[in-house]
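To start, the structure itself, in structure tokens.
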Amino acid sequence: MANASRLPCLFHSDQLTFKPRYEWAFGEKIDHPETTARAEMILAAIEAAPDVYELRRPDELPEATLATLHDERLITMLKAARQLRRAYTFYPAVFMRGENIVPDATNIHHAGSFCFDSGTPLSRETWSAARWSASCAVSAAALVKAGDHPVAYALSRPPGHHATRSLFGGYCYLGNSALAAKHLAGERAKVAVIDIDVHHGNGTQGLFWNDPRVLTISLHGDPKTFFPFFTGFASEIGGADARGFNLNVPLEEKTDGQAYERALDLHVFPRVADFAPDFLVVAAGVDTYERDPMGDFNLTTEDLHRIGERIGALGYPTVVVQEGGYYTPHIGRNVTAVLTGLSTGSAHARAQR
Ligand code: Q9C
Ligand code: ZN
């Protein structure tokens with residue numbers, strides 16, 4: 001193996017057709033942070049180094065693959081949004097629930113039954129963009145699983161780690177990182193997911209809650225005061241069939257590179273080594289960056305490189321899936337910092353064997 005070829009980066013232009021314009025954030029109407037410019041800036045950084053990265057189109061993911069992790073009613077609702085009129089964005093605002101409530105996944109007015117927050121709108125383009133975004137993750141996983149590349153990158157946008165089996169939310173519609181992990185796990189492989197986005201990867205956690213073949217780990221802002229609030233506590237260790245196969249590492253605000261690396265050394269790496277995965281998925285949000293408008297961590301671009309390098313040095317074949325990261329001017333350099341770090345660390349680990 002040890003193929004010295006360029007790092008494959010998966011992306012499809014239809015991911016740029018979905019443009020959420022604003023969101024309701026704690027009662028305020030703000031410009032939506034999850035913009036197409038994010039993906040465009042990452043693309044520009046990748047295209048600026050054609051000797052390092054190779055841009056590729058993903059294969060379109062069959063709906064049957066989505067159905068292995070997601071409730072078909074969630075998929076029906078996302079597809080129902082294709083009927084919305086052009087340039088219209090639907091914001092779920094009625095969240096009815098109760099014994100006698102029967103949600104209709106074909107009725108957009110029931111979308112509130114299929115989401116968990118008010119910042120994740122639907123438009124006629126949502127489904128296509130979300131499906132291609134998930135397709136990037138699974139295609140990247142296929143390349144790594146085939147043994148052709150030690151590291152592959154999915155430029156997934158919209159992101160995915162907040163989407164649960166039956167709910168979209170947190171700017172996420174489909175569980176991209178989880179779908180990559182599921183693909184890598186196949187019938188018998190073991191997969192570890194390390195989620196370095198500043199928000200808890202509640203979707204990924206939930207999707208593998210009872211699966212001891214997928215170890216889910218997330219480092220994030222303390223949910224006591226930080227989105228997604230309901231999950232991400234250290235007490236969440238996995239379901240009855242998989243106790244100890246979920247690890248949450250909540251970190252305090254202003255966490256810097258040193259504290260972050262200490263958390264990796266103290267909590268994350270020992271657990272991963274003990275689990276001994278066949279593959280790794282890095283849910284790579286870069287909203288831990290010091291200038292990120294959503295996050296309250298203090299990581300520099302150099303810290304992100306170092307974190308990538310440390311994770312790469314573990315030596316596992318790795319799929320990197322883009323999650324959040326909202327300081328658009330620096331998102332390209334921050335993502336490539338993680339990627340070059342991972343490549344360097346991984347090459348080093350392979351040279352050691
Ligand atoms: N404006 C990801 O990073 N919004 N999602 C909270 C404050 C939700 C972030 C309201 C943030 C979700 C993938
Ligand atoms: Zn995030």
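Remember, it's 1-based here, ligands and their atoms both numbered in the order they're listed.
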Mark yes when over 12 heavy atoms from residues, nucleotides or ligands other than E47 sit less than 6.0 Å from its CD; otherwise mark no.
-> yes
Is any protein N, O or S atom closer than 2.8 Å to the Zn ion (ligand 2), and if so, which?
-> D197 OD1, D197 OD2, H199 ND1, D287 OD2
Would you tabulate the side-chain donor-acceptor contacts of residues 132-143 under 3.5 Å, counting partners in other chains and residues two or more places apart, or write 'none'?
residue : atom : partner : partner atom : Å
S133    : OG   : R157    : N            : 2.8
S133    : OG   : P158    : O            : 2.7
S133    : OG   : N176    : ND2          : 3.3
S135    : OG   : L61     : N            : 3.0
S135    : OG   : R131    : O            : 2.7
S139    : OG   : D59     : N            : 2.9
S139    : OG   : S135    : O            : 3.2

Stacked cation flag K190 on F275, 6.0 angstrom / 45 deg | yes
Could you go through ligand 1 and note, for every N or O atom, any protein N or O atom closer than 3.5 angstrom, writing the atom names and distance to 0.1 Å, or 'none'?
residue  : atom  : partner : partner atom : Å
ligand 1 : 1 (N) : E23     : OE2          : 3.4
ligand 1 : 3 (O) : H199    : ND1          : 3.2
ligand 1 : 3 (O) : D287    : OD2          : 3.1
ligand 1 : 3 (O) : Y326    : OH           : 2.6
ligand 1 : 4 (N) : Y171    : OH           : 3.3
ligand 1 : 5 (N) : H162    : NE2          : 3.3
ligand 1 : 5 (N) : G170    : O            : 3.0
ligand 1 : 5 (N) : Y326    : OH           : 3.3

is_close_aromatic(Y173, F18), centroid dist under 6.0 Å | yes
About how many Å separate CG of D71 and CG of L167, when rounded to the nearest 0.5 Å?
-> 9.0 Å
Please check if any side-chain donor atom of N248 sits under 3.5 Å from a side-chain acceptor atom of H200, or the reverse.
-> yes
Euclidean distance, E125 CD relative to T89 OG1, rounded to 0.5 Å = 8.0 Å
Residue pairs meeting ring pair (Phe, Tyr, Trp, His ring centres under 6.0 Å), one or both in residues 31-52, sequence neighbours left out, come to H32-Y171
Do D265 and R262 meet the salt-bridge criterion of a basic N to acidic O distance under 4.0 Å?
-> no
